[in-house]
Amino acid sequence: WKVGWYNAVLQPAFHLPYPDDTLAFVVLSTPSMFDKALKHFVKKERLKMIRDPVDQCVSYHLSRVKEKFPDQRVEVMFDYEILPSRKPKFLAQTAAHVAGAAYYYQRKDVKRDPWGKKKIYGVCIHPKYGGWFAIRGLLLFPDIQVLCLEQPAPVDCVSTEEKRIELLEQFNFHWQDGRYRDIIEVKERYSEEQRAYFATPPAERFRLLGLT
């Protein structure tokens, strides 16, 4: 996607500091990431210092992507990084939406707003995985300008007013039970082991991965 697509929908304080035609990619993890990447990474790195297995696994794999482009400048941003101002380095759900990767459902997508003065957060839904995925980072190529790239529209897979209200209700008020993830019929979900891992407090997750 183009950086300009992202900057066009955000206030200047959240803009990425690159020309509008700069090439970028948003990186998602699918449900199979847990078995195909994380467990193998932990097994390989188990004798080293691991602070956050998922973050370090993602960092490892994106660093390998950078190595595939030795003649290009590649900037990597991770979903957990923040600026000195405490703002996130990038807004992950907005990036996924403008890239056409997942639809970012927000309060403004509901015509008959039932929430009054309540704070309502938006959530991305993937047409194949529903809510069973994560946005992990960005890859930016500052020296590559893509003038003719056409912007793909994200798939509007929660298309009725009733379903959108249900989605935002579940995500904002009942997110712990994960029902919002199944707002549409999905092709793949997190395994029981993966669900247990993410439902466990971070300090206790090492035990589940055999690191204690």
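Below, all heavy atoms of this structure are taken into account, side chains as well, without hydrogens, waters or symmetry copies.
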**Student:** Within a strict 4.5 Å, meaning less than it, do heavy atoms of the L149 and W5 side chains meet?
**Tutor:**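 Side-chain contact under 4.5 Å: yes.
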**Student:** Between C157 and P127, what is the shortest heavy-atom contact and its length?
**Tutor:**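 Reported closest heavy-atom pair: SG-CA, 3.9 Å.
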**Student:** Establish, yes or no, whether the cationic atom of K2 lies under 6.0 Å from the six-membered ring centre of Y6 and within 45° of the ring axis.
**Tutor:**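 Geometry flag: not set, cation outside 6.0 Å or 45°.
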**Student:** Restricting to non-hydrogen atoms, name the atom on L168 and the atom on G122 that form the minimum distance, rounded to 0.1 Å.
**Tutor:**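 Minimum heavy-atom contact is CD2-CA, 4.2 Å.
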**Student:** Could you go step by step and tell me if Q170 and W175 meet the side-chain contact (heavy atoms from CB on, under 4.5 Å) rule?
**Tutor:** CA-CA 6 Å; Q170 289 180 358; W175 62 269; over 6 Å; no
**Student:** Could you tell me which non-hydrogen atom of V3 sits nearest to which non-hydrogen atom of A24, and how far apart they are?
**Tutor:** CG2-CB, 4.4 Å
**Student:** Test your reading of the model: is there a side-chain donor-acceptor pair from Q194 to the backbone of P31, 3.5 Å cut-off?
**Tutor:**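 Yes: the side chain of Q194 pairs with the backbone of P31.
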**Student:** Check for me, please, whether V155 and I183 land in the same ILVMFWY cluster - side-chain distances under 4.5 Å, paths through other members count.
**Tutor:** no
**Student:** To the nearest 0.5 Å, what is the distance between OG on S63 and CD on Q56?
**Tutor:** 11.5 Å
**Student:** Do the non-hydrogen side-chain atoms of L38 and P53 ever get within less than 4.5 Å of each other?
**Tutor:**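 The answer is yes, as the side chains (C-beta and beyond) meet within the 4.5 Å cut-off.
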**Student:** Atom CD1 in I120, atom CG in N172: separation rounded to 0.5 Å?
**Tutor:**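 So the CD1 of I120 and the CG of N172 are separated by 4.5 Å.
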**Student:** Check the pair K118 / F173 against side-chain contact (heavy atoms from CB on, under 4.5 Å), numbers first and verdict last.
**Tutor:** CA-CA 11 Å; K118 291 180 181 177; F173 308 122; 4.0 Å; yes
**Student:** Between R73 and D143, what is the shortest heavy-atom contact and its length?
**Tutor:** NH2-OD1, 3.0 Å
**Student:** Is it true that a side-chain atom of T22 and a backbone atom of Y18 form a donor plus acceptor pair closer than 3.5 Å?
**Tutor:** no
**Student:** Less than 4.0 Å between a side-chain N and a carboxylate O, is that true for E193 and R195?
**Tutor:**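 Salt bridge: no.
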**Student:** Does K87 form a side-chain contact (heavy atoms from CB on, under 4.5 Å) with I82? I'd like the steps, not just the answer.
**Tutor:** CA-CA 6 Å; K87 288 189 178 80; I82 57 174; over 6 Å; no
**Student:** Do we get K89 above Y80's six-membered ring, with its NZ or CZ under 6.0 Å from the centre and within 45° of the axis?
**Tutor:** no
**Student:** Quick one: pull up OG in S29 and CZ in F34 and give me the separation to the nearest 0.5 Å.
**Tutor:**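 S29 atom OG to F34 atom CZ measures 11.5 Å (nearest 0.5 Å).
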**Student:** Kindly say whether the aromatic ring centers of Y105 and F171 come within a distance under 6.0 Å.
**Tutor:**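 No, too far apart.
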**Student:** Please answer whether the main-chain N or O of L147 pairs with a side-chain N or O of D21 as donor and acceptor at a distance below 3.5 Å.
**Tutor:**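 Pair absent, no side-chain N/O of D21 close to backbone of L147.
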**Student:** Determine, stepwise, if the pair L139 / V65 fulfils side-chain contact (heavy atoms from CB on, under 4.5 Å).
**Tutor:** CA-CA 9 Å; L139 290 170; V65 172; 3.8 Å; yes
**Student:** Is atom CD of E185 surrounded by more than 12 heavy atoms (other residues, nucleotides or ligands) closer than 6.0 Å?
**Tutor:** no
**Student:** With under 30° as parallel and over 60° as perpendicular, where do the rings of F141 and F69 fit, or are they tilted in between?
**Tutor:** perpendicular
**Student:** Flag the pair E75 / P142 as yes when at least one side-chain heavy-atom distance between them is below 4.5 Å, and no otherwise.
**Tutor:**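 Yes. Closest side-chain heavy atoms under 4.5 Å.
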**Student:** State, to 0.1 Å, how close G131 and R181 come at their nearest heavy-atom pair, and which atoms those are.
**Tutor:**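 Smallest heavy-atom distance, with atoms named: O-NH1, 2.7 Å.
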**Student:** Would you say the ring centroid of H174 lies under 6.0 angstrom from that of Y180?
**Tutor:**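 No - the distance between ring centres of H174 and Y180 does not fall below the 6.0 Å cut-off.
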**Student:** Any carboxylate oxygen within less than 4.0 angstrom of a Lys/Arg side-chain nitrogen, looking at R164 and D156?
**Tutor:** yes
**Student:** Where is the tightest heavy-atom contact between A102 and C124, given as atom of each residue plus distance?
**Tutor:** CB-CB, 4.1 Å
**Student:** Is the backbone of Q106 close enough, under 3.5 Å, to the side chain of D109 for a donor and an acceptor to pair up by distance?
**Tutor:** yes
**Student:** Does the side chain of L28 reach to within under 4.5 Å of the side chain of H126, using non-hydrogen atoms?
**Tutor:**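 In short, these two side chains touch, coming nearer than 4.5 Å.
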**Student:** Under a 3.5 Å distance rule, please check whether H97 uses its side chain to pair with a backbone N or O of Y104 as donor and acceptor.
**Tutor:**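 Yes; judged by distance alone, with no hydrogens or angles, the pair exists.
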**Student:** Count the heavy atoms of every other residue, nucleotide or ligand shown that sit under 6.0 Å from CH2 of W115, and state whether that count exceeds 12.
**Tutor:**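 More than 12 heavy atoms, drawn from other residues, nucleotides or ligands, come within 6.0 Å of this atom.
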**Student:** Could you tell me whether R189 and D182 make a salt bridge, using a distance below 4.0 angstrom between a side-chain N and a carboxylate O?
**Tutor:**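 A salt bridge is present here (some side-chain N lies under 4.0 Å from a carboxylate O).
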**Student:** Measure the shortest side-chain to side-chain distance between Q72 and I144 over non-hydrogen atoms and say whether it is less than 4.5 angstrom.
**Tutor:**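 In contact.
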**Student:** Applying a strict under-4.5 Å side-chain criterion to I, L, V, M, F, W and Y, I'd like to know whether V9 and L91 cluster together.
**Tutor:**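 Yes, it is one cluster - the side chains of V9 and L91 are joined through contacts under 4.5 Å.
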**Student:** Out of curiosity, R112 CZ to E161 CD, how far, rounded to the nearest 0.5 Å?
**Tutor:** 4.5 Å
**Student:** For atom CZ of F198, is the number of surrounding heavy atoms from other residues, nucleotides or ligands below 6.0 Å larger than 12?
**Tutor:** yes
**Student:** Could you tell me the separation between the CD1 atom of I165 and the CZ atom of R107, rounded to the nearest 0.5 Å?
**Tutor:** 11.0 Å
**Student:** With a 4.5 Å cut-off on side-chain heavy-atom distances among I, L, V, M, F, W and Y, is there a chain of contacts connecting F78 to L140?
**Tutor:** yes
**Student:** Take a 6.0 Å sphere around CD of Q176 and say whether it holds more than 12 heavy atoms from other residues, nucleotides or ligands.
**Tutor:** yes
**Student:** Is the shortest heavy-atom distance from the side chain of L138 to the side chain of W1 under 4.5 Å?
**Tutor:** yes
**Student:** Tell me whether the rings of Y190 and W132 are parallel (<30°), tilted (30 to 60°) or perpendicular (>60°).
**Tutor:**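 Geometry flag for W132 against Y190: perpendicular rings.
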**Student:** Does the side chain of I125 come within less than 4.5 Å of V158's, by heavy atoms?
**Tutor:** yes
**Student:** If we only count heavy atoms from C-beta on, is the S59 to F41 side-chain gap below 4.5 Å?
**Tutor:** no
**Student:** Distance-only, no hydrogens or angles: does the R205 side chain make a donor-acceptor pair with backbone N or O of Y197 under 3.5 Å?
**Tutor:**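 A pair under 3.5 Å: yes.
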**Student:** With rounding to the nearest 0.5 angstrom, report the CG to NE2 distance, L10 to H15.
**Tutor:** 6.0 Å
